[in-house]
Amino acid sequence: MIWSLSLLVAAIPARKELPQDMLRSAAALWITNILVFASWYWRLDAGGPRERELRGVHTDGAFLFPQMTLDQQAKREMGEDRWSPGFVDYLFLAFNTSTAFSPTDSPVLSRWAKSLMMIQALISFTTVALLAARAVNIL
Amino acid sequence: MKHNEATEIKSTYRGGCSRASKPEAPMKSASQQLEPRWPAMIALLSVGGLRLALPRSLSAGPSWTLLVVVGVLMVPIVWAHYSGFDALKLWVMSRPQSLQLT
């Protein structure tokens, strides 16, 4: 992904690629960025999916999901007293990071997660900003 | 949300990642919810598939390589998951696969 992104960045000023190819490539890399980082968050948070399953209740993690801040009574009423994040939760987190360039509903607590989110936001921003610059003929 | 309780919950966090506290005892109760793995598998295969959308000049090697590598690596991961070899899945297959995709 990073290799392809580097090639895309290099290709923009040189105008080697057709506009359609460039748009398609940027979209593919932007979606790839979301999926790859969602996979990283899913695999690393709280020791990975297996350890989260063994723990049963998710109270120790790198992200503060909204369900984790609810009191036990509210969780029980919602039927989520044994809530644990799944891949879709991390995908949503990664999607928000790529679109808003920041976490939205889930604050980041640990340093490794902050580092990964900075890298993800930077990749997304580079892709989107360069495409926009190319679209208005700055580059 | 009760503010005090949220603060209390926050204060128990130790940062997650692989260094998070180990579970004290595996819970094998019937109420234990197993997290489905198929969404992650679809996501990884999609990454391999998205590579096909890239023009040849923006990809190193044939565009189908990544899809094949992801598919091949997924076989032992699935086998390890259903056989209970979690250590193999985690250290030999899963993380190298994420690194390779990145």
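Residue numbering restarts at 1 for every chain, and letters A, B, ... go by the order of the sequence lines. Basis for what follows: all heavy atoms, side chains included, without hydrogens, waters or symmetry-related copies.
Both B:Leu44 and B:Leu52 are assigned to one and the same hydrophobic cluster, defined by single-linkage of ILVMFWY side chains at heavy-atom distances under 4.5 Å. Hydrophobic cluster membership differs between A:Trp30 and A:Phe101, with clusters built from Ile, Leu, Val, Met, Phe, Trp and Tyr side chains linked at under 4.5 angstrom. The cluster map of Ile, Leu, Val, Met, Phe, Trp and Tyr, joined by side-chain heavy atoms under 4.5 Å apart, puts A:Phe92 and A:Phe37 in different clusters. Linking Ile, Leu, Val, Met, Phe, Trp and Tyr residues whenever their side-chain heavy atoms come within less than 4.5 Å leaves A:Leu91 and B:Trp38 in two separate clusters.
The distance from the CG atom of B:Leu50 to the CD1 atom of A:Ile31 is 5.5 Å, given to the nearest 0.5 Å.
Residue contact with chain B, scored on non-hydrogen atoms closer than 4.5 Å, involves the backbone of A:Pro85 exclusively.
A donor-acceptor contact shorter than 3.5 Å is absent between the side chain of B:Glu35 and the backbone of A:Glu53.
Summarising the geometry of B:Ser46 relative to A:Leu35, their closest heavy-atom pair is CB-CD1, 3.8 Å, with the distance given to 0.1 Å.
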